[in-house]
Amino acid sequence: MLDPKILRENPDIIRKMLKDRAINFSLDDLIRLDKERRELIIKTDDLRKKKNDIALEIAQKKKSGQDATTLIEQMRQVSETLSGLETVQTRTESEYTKLALTLPNLIHESVPIGKDETANKELRKWGKIPQFDFKIKDHIDISQNLDLIDLERAAKVAGARFYYLKNDLVKINQALIHYALDFLSEKNYVPIQTPYMINRNSMEGAIIANDFEDVIYKIEGADLYLIGTSEHAVASMHSDEILEGKSLPMRYAGVSPCFRKEAGAHGRDQKGIFRVHQFEKVEQFIFSRPEESWKEHEQMLSIVEEFYQKLEIPYRIMVLSSGDLGKISAKTYDLEAWMAGQNSYREIVSCSNCLDFQARRLKIRFRDRTNDQPQYIYTLNSTLVATSRTLVSILENFQTKDGHVIVPKILQKYVGKAII
RNA sequence: GCGGGGGUCGCCUAGCCUGGUAGGGCGUGGGAUUGCUAAUCCCAUGUCCGCAAGGACCCGUGGGUUCGAAUCCCACUCCCCGCGCCA
């Protein structure tokens with residue numbers, strides 16, 4: 001949700017954003033609805049004022065034993081007019097909200113303009129791409145040979161894009177989570193394990209309408225949705241709250257499984273565990289002051305980079321173009337890790353500044369002093385590690401000639417061995 | 001799942017039976033006073049509309065009754081206690 005002031009005073013900023021994102025949106029309808037709803041507020045407020053005045057008079061007359069029949073009749077009429085107007089108001093208000101909730105976020109000026117991912121810009125590369133003097137395998141071959149994964153039975157039991165992890169791969173999976181939490185704790189993040197299902201209201205605060213269709217699983221017969229990431233549950237954690245300025249920034253290390261429909265991804269990354277319906281993730285989530293948010297954004301990214309450097313996974317940092325940017329984000333960096341089996345860099349981290357977009361939907365504000373006007377907080381989120389994709393990179397980059405996999409040094413103490 | 005009790009403007013609480021402007025305490029912020037501190041006193045302290053003056057809304061949520069609902073009625077929800085079930 002955007003600040004309605006922008007809608008009234010600077011709609012051209014929004015028009016440009018929509019053009020840069022290549023999105024069709026009936027902005028004029030939204031502007032009209034905003035105007036209508038404000039006019040209705042003025043009218044109904046006025047009638048309520050009248051009602052309050054008459055109610056006061058009736059109360060006084062009754063107290064002093066006078067007849068109030070005329071006033072009561074007057075009151076009845078005002079009430080009737082009001083309730084008619086209220087029906088219109090409720091409808092207008094809900095139309096406005098529904099539309100406003102689908103309007104994407106503004107775009108930061110440093111974001112490259114372009115229609116899709118081809119316009120994303122590479123900022124830097126880190127690490128040496130591993131060279132092999134033998135014919136390398138992809139993560140599926142490696143893990144099936146070592147009895148680390150069972151995709152056929154997962155397909156039988158749950159369907160495509162599910163997997164059983166087995167043996168040491170389970171331990172590496174857990175090691176990644178464990179190490180990630182240790183790593184963020186050291187940086188004073190508050191570890192937090194979230195509910196894995198949240199209600200519609202909370203979900204709507206964190207994501208934008210279409211995502212319900214394409215990403216989010218719904219629990220039948222309940223107002224519950226499986227989270228696509230702990231971000232959804234952490235963002236809504238402080239909904240309807242006014243936070244104390246001195247508690248900022250609040251940095252959380254969210255940990256949870258992630259559930260995703262992956263609708264519309266047919267044919268892409270069909271094999272293995274790169275694109276799956278379920279994985280674990282440790283996520284950075286920050287509630288920040290507006291003026292500190294860009295500094296926090298850069299810092300989150302540098303924490304991510306340090307993490308993959310310690311894991312010894314070569315990567316490159318991309319800044320997403322306007323056309324590829326998620327609708328709730330004003331600027332996003334992706335970290336793409338090297339995956340030897342695919343001979344390419346693939347996305348494993350997404351690091352975004354959402355400004356006040358989620359905070360407005362969730363009504364999360366802060367203030368420094370009791371009497372200050374509360375202002376909307378800024379929210380930022382970044383993957384630290386999404387297990388399944390990181391496993392792909394580890395399996396493929398650390399494979400040996402005889403078909404084994406070296407455990408990255410930093411994880412060895414968690415796994416309990418150096419090679420699997 | 002069953003029975004009982006509850007949810008009031010950050011926290012605690014009054015008001016509910018008997019419908020008529022939601023009151024008090026604490027905390028917090030600002031100010032006054034005072035060698036310092038403490039104490040005391042005053043003001044402020046939820047949301048929305050409005051340039052402002054001002055106004056509307058707010059008693060877990062949603063309905064209903066009524067001229068008028070925190071208060072009466074219905075449904076839902078969450079919390080607490082007891083019982084049941086259970087990893």
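Protein chains get the first letters and strands the later ones, always in sequence-line order, with residue 1 at the start of each.
Of the C1' atoms belonging to B:U8 and B:G3, the separation is 26 Å, rounded to the nearest Å. Rounded to the nearest Å, the gap between the C1' atom of B:G20 and that of B:C76 is 29 Å. Rounded to whole Å, the C1' atom of B:C12 lies 25 Å from the corresponding atom of B:A69. A gap of 29 Å separates the P atoms of B:C26 and B:C17, to the nearest Å. On the P atoms, B:G6 is 13 Å away from B:G60, given to the nearest whole Å. For the P atoms, the distance from B:A22 to B:C49 is 22 Å, rounded to whole Å. Going from the C1' atom of B:U28 to that of B:U21 covers 27 Å, rounded to whole Å. Rounded to the nearest Å, the gap between the P atom of B:G19 and that of B:U71 is 12 Å.
A:Tyr164 has its ring centre no less than 6.0 Å from the ring centre of A:Phe162. Remark: aromatic rings of A:Phe259 and A:His277 are distant, center separation not under 6.0 Å. With ring centers used as reference points, A:Tyr333 lies under 6.0 Å from A:His297.
For the pair A:Ile58 CD1 and B:A69 P, the interatomic distance rounds to 11 Å; values are reported in whole Å. Following rounding to the nearest Å, A:Asp223 (CG) and B:C78 (P) show an atom-to-atom distance of 10 Å. Going from atom NZ of A:Lys51 over to atom P of B:U66 covers 13 Å, rounded to whole Å. Spacing between atom CG of A:Asp240 and atom C1' of B:U61 amounts to 12 Å, rounded to whole angstrom units. The CD-P distance, from A:Gln74 to B:G68, rounds to 14 Å in whole Å. At whole-Å resolution of the value, CD in A:Glu86 and P in B:G62 are 13 Å apart. If you take CG of A:Asn52 and C1' of B:A22, they are 14 Å apart, rounded to a whole angstrom. Atoms CZ (A:Arg200) and C1' (B:U61) sit 18 Å apart, rounded to a whole Å.
Using a 30° and 60° split on the angle between ring planes, A:Tyr179 and A:Tyr414 fall in the tilted class, from 30° to 60°.
Helical stems involving RNA chain B, defined as 3 or more consecutive Watson-Crick or G-U pairs under 3.5 Å, span B:1-7 with B:77-83, B:10-13 with B:23-26, B:27-32 with B:40-45, B:46-49 with B:54-57, B:60-64 with B:72-76.
Between A:Glu244 and A:Arg367 there is no salt bridge, since no side-chain nitrogen of the basic residue lies less than 4.0 Å from a carboxylate oxygen of the acidic one.
Residues A:Lys281 and A:Thr229 bring a donor and an acceptor atom of their side chains to less than 3.5 Å of each other. Side-chain contact check for A:Thr332 and A:Ser329: at least one donor-acceptor pair (N or O, by modelled atom type) lies under 3.5 Å.
A:Ser79 has a side-chain polar atom (N or O) that falls below the 4.0 Å cut-off from OP1 or OP2 of B:G68.
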inquiry  = Could you walk me through whether A:Asn397 and A:Ile394 satisfy the side-chain contact (heavy atoms from CB on, under 4.5 Å) test, starting with their C-alpha distance in whole Å, then the side-chain angles of each, then the deciding distance to 0.1 Å, before giving a yes or no?
reply    = CA-CA 5 Å; A:Asn397 294 349; A:Ile394 290 172; over 6 Å; no
Atom pairs, N/O to N/O, protein against nucleotides 46-51 of chain B, distance under 3.5 Å?
from, atom 1, to, atom 2, distance (Å)
B:U47, OP1, A:Arg365, NH1, 3.2
B:G50, OP1, A:Arg38, NH1, 2.6

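Positionally, the nearest nucleotide of RNA chain B for A:Asp46 lies more toward the 5' end than for the other of A:Ile72 and A:Asp46.
Using a 4.5 Å cut-off on side-chain heavy atoms (C-beta onward), A:Ser256 and A:Gln193 make no contact.
Between the NZ atom of A:Lys98 and the CG atom of A:Leu30 there is a distance of 13.0 Å, given to the nearest 0.5 Å.
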